[in-house]
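Notes to accompany the following structure.
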Amino acid sequence: MAFIEIKNLTVQFMKVNEDGSEVPGRKALDDISLEIEKGSFAAVVGMNGSGKSTLAKCLNGLILPTKGDVTVDSMNTRDESRLWDIRSRVGMVFQNPDNQIVSSIVEDDVAFGPENLGVEPAEIRRRVDDALRRVGMYEQRNKGAHMLSGGQKQRIAIAGAVAMRPECIIFDEPTAMLDPKGRESVMKIIKELNSEGITTILITHFMEEAAEAGRVIVMNAGRVLCDRTPARLFSDTEMIERAGLELPPFIELREKAGLPSDITDIEGLAAYMRR
Amino acid sequence: MIRDITLGQYYPADSPVHRLDARVKITATMLYIVELFLVKNFAGFLIAAAALFAVIALSRVPLRFIFRGLTAVFLIIFFTLILNIFLTDGRVLWHWKFITITYEGVIRAAFMAIRLVLLIIGSSILTLTTKPIELTDGLEKLMSPLSKIGVPSHEIALMMTIALRFIPTLMEETDKIIKAQQARGADFESGNIIQRAKSLIPILVPLFISSFRIAQELALAMEARCYHGGKGRTRMNEIHFHRGDAVAAVLLIGFLAVIIASRQLGSVL
C-alpha cells in the first residue's frame with residue numbers, strides 16, 4: 001500500500017453570495033486519484049488556480065475532501081482522532097517564510113512542533129539541534145528570526161518540519177519568494193532530505209526544480225493533466241503548452257537547436273556538445 | 001523612528017542576569033516598579049539607580065541599547081515634567097503673570113521624571129536580558145495558579161509570544177505600505193495635525209487587511225505543526241530555580257528593605 005493514497009478526491013468550496021446565502025462554488029479539485037510512494041520525490045506543477053495548494057492542504061487534513069478519501073499511512077484524514085498523527089507524519093513548509101515562524105528566536109521556533117507533540121524536553125533539544133544542523137543553521141540558533149534573510153528563514157521553517165521527524169514533507173512553493181541564492185540553498189536541502197528517505201512533495205512554478213523530481217504531476221483546473229517522469233514530460237512540448245507551463249531553459253535550448261529529445265538534463269546536454 | 005523602541009527586543013549575551021529564572025526577573029521588575037513609587041526622597045532614588053546600574057553592569061547589555069528605549073518616551077517624560085512644575089501648589093519660587101513655579105512642583109517634577117526614567121530602564125532590562133519565549137513561559141508559570149479560576153494563562157502567553165514575534169514583521173509591512181502610497185503621490189509630511197492624522201488612513205487600512213492575512217497564514221502553519229492548545233504540550237527549556245535565582249531573591253528582599261528604610265530619611269533628601 002502506498003504511503004499516501006488519494007481516491008476520487010473532490011474539493012468544492014462554498015461561495016457566499018451578496019445576500020449572505022452560501023452556494024457551492026467552483027470545484028478546486030475534481031475527482032483526483034493518486035498514489036505517493038514512501039521515499040519518493042514528486043513535483044506538482046500547474047498554473048495559478050490549478051488546485052496545487054489545495055491538493056497539498058488535503059494531504060495533512062488542513063482541508064477535508066468534499067467527496068472521496070485521502071489516506072496517509074492507512075489513516076483517513078476524515079478521522080479526527082488521527083489528525084495529529086497524520087500531521088506529525090506529514091510536515092509542511094509554506095511559501096511565505098515570515099508568516100510561518102511562530103517564535104522570535106530561531107531554536108525556539110524549531111522546537112514549536114515537537115513541543116506540540118508532547119516530546120520530552122531532552123529529546124526536543126536533540127531533535128532541534130539535529131534539525132538545525134541538517135539545514136545548516138545551527139550557528140544561528142540563538143539569533144532573532146527577523147534578522148535572517150528570506151532563504152535562511154525558509155531553512156528555519158524546514159528545520160521546524162524536520163524536528164517533528166515526519167515521514168513526508170510537503171513544500172508549497174518554498175522558493176517563490178526567495179532570491180536565486182536562497183532558492184539554490186533551499187533546493188539543495190530538499191534534495192538531501194529526500195535522499196535520506198523523507199517522502200517529498202514539491203509544489204513549484206519553476207520547471208528546473210520540477211526536473212529534479214522523480215515524477216511530475218501536472219495540474220490543470222482541478223484535474224491531473226498528466227503524471228510522468230520529468231524526462232518524458234519535457235519531451236512533450238505540446239503537453240507543456242496545454243498546461244500553461246514553460247520549458248526549463250536547457251530543454252528550450254534543446255528544442256530550438258533541434259537536438260535529440262533524449263537529452264533531459266544539463267549534464268546530458270554538455271556531454272552531447274562535447275561529442 | 002519606530003525601530004528605536006527597545007521594548008520587546010532581546011539582546012543575546014551570556015551573563016548572570018540572562019541566566020536568571022524568568023519568573024524571578026518578572027517578579028523583580030514588578031517589585032522594582034512598585035518600589036519606585038514607595039521612594040520619597042533623593043537618597044532612595046540614588047539607591048534605586050545604583051541598584052539598577054549594578055544590574056546593567058552585570059547584564060553586559062551595552063548602554064546605548066538601554067538608552068535607545070528612552071528616546072521613544074522622551075515626550076511623555078517631558079510633558080510630565082512640565083505639568084508637574086506648573087500645576088503643583090506650594091511655596092512660590094517664581095511668578096510671572098499666570099505662570100507660577102513652586103518649590104514643591106520642582107521637586108515633584110524631578111521625582112516623577114526620575115521615576116519614569118528608572119521605570120523604563122528597569123523594564124527594558126527585563127526584555128533585553130530575557131528571551132521572549134522565556135518571558136512568556138515565565139508569565140505562564142506565574143499565572144498558572146490563576147488558570148484554576150478560568151484565566152487562560154497558556155493562551156495569553158502564546159498571544160504575547162506571537163505579538164512580540166510579529167512586531168518587526170508588521171513594521172516592515174508598514175514601511176512597505178508607506179513607500180507604496182508615497183509612490184502613488186500620498187503626502188504624509190505636510191498639513192496640520194488633523195490632515196496628517198487623516199493621511200494615516202491609507203496606511204492603516206491596508207495594514208489591517210494584511211495583518212489579517214498574516215494571521216490566517218500563521219494559523220494554518222501552526223495547525224500544520226500540530227498546535228492544538230496548551231494541553232499535553234511540553235517545553236524544550238523547562239524553567240528551573242537555580243542557586244543564582246535564590247541569591248537574586250535574597251538581594252531583592254534586601255533591596256526592598258533598604259528602600260523602605262530610606263523612607264525614614266525625610267521627604268526630600
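Chain letters run A, B, ... following the sequence lines, proteins first, then strands; residues in each count from 1. Quantities reported herein were computed from a predicted structural model and do not represent experimental measurements.
In this structure, chain B has heavy atoms under 4.5 Å from both the backbone and the side chain of A:Glu107. No part of A:Lys143 comes within reach of chain B, as not one of its non-hydrogen atoms sits under 4.5 angstrom from that chain. For chain B, no part of A:Leu83 is nearby; none of its heavy atoms comes within less than 4.5 Å. Heavy-atom distances place the side chain of A:Val128, and not its backbone, under 4.5 Å from chain B. Looking at A:Phe94, only its side chain comes within 4.5 Å of chain B, counting heavy atoms on both sides. Only the side chain of A:Asn60 comes within contact range of chain B, with heavy atoms under 4.5 Å apart. Residue contact with chain B, scored on non-hydrogen atoms closer than 4.5 Å, involves the backbone of A:Pro114 exclusively.
Across all their heavy atoms, B:His228 and A:Asn116 have their closest contact at CE1-O, 3.4 Å. Across every non-hydrogen atom of A:Ser88 and B:Cys226, the tightest pair is N-SG, 3.7 Å. Between B:Tyr227 and A:Trp84, the shortest heavy-atom distance links the atoms O-CH2, 3.5 Å. Smallest separation of non-hydrogen atoms from B:Glu217 and A:Asn99: OE1-ND2, 3.0 Å.
Atom CD of B:Gln216 is surrounded by 12 or fewer heavy atoms from other residues, nucleotides or ligands within 6.0 Å. Few gaps surround CD on A:Glu22; more than 12 heavy atoms of other groups in view lie less than 6.0 Å from it. Other residues, nucleotides and ligands contribute over 12 non-hydrogen atoms within 6.0 Å of the NZ atom of B:Lys141.
With respect to the salt-bridge test (charged N to carboxylate O, under 4.0 angstrom), the residues B:Arg225 and A:Asp109 qualify.
Of the listed residues (A:Val119, A:Asn142, A:Val93), the one with the most heavy-atom contacts under 4.5 Å to chain B is A:Val119. The residue among A:Ile101, A:Leu117, A:Ile105 with the most heavy atom pairs within less than 4.5 Å of chain B is A:Ile101.
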Inset, instruction - Go through A:His146 and B:Met171 one step at a time and tell me if the side-chain contact (heavy atoms from CB on, under 4.5 Å) criterion holds. - result: CA-CA 11 Å; A:His146 64 282; B:Met171 274 180 194; over 6 Å; no
Legend entry - Working for salt bridge (Lys or Arg N to Asp or Glu O under 4.0 Å), residues B:Arg165 and A:Asp108: CA-CA 11 Å; B:Arg165 152 74 186 85; A:Asp108 293 334; over 6 Å; no
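Just one residue in the list B:Thr161, B:Ile162, B:Leu158, B:Thr136 forms a side-chain contact (heavy atoms from CB on, under 4.5 Å) with A:Ser103, and that residue is B:Thr161.
Remark: side-chain polar atoms of B:Thr234 are not paired, donor with acceptor, to backbone N or O of A:Glu120 under 3.5 angstrom. Side-chain atoms of A:Glu115 come within 3.5 Å of backbone atoms of B:Met236 as a donor-acceptor pair (strictly under, hydrogens ignored). A donor-acceptor contact shorter than 3.5 Å is absent between the side chain of B:Arg233 and the backbone of A:Gly118.
To the nearest 0.5 Å, atoms CG (B:Leu220) and CE (A:Met92) are separated by 7.0 Å.
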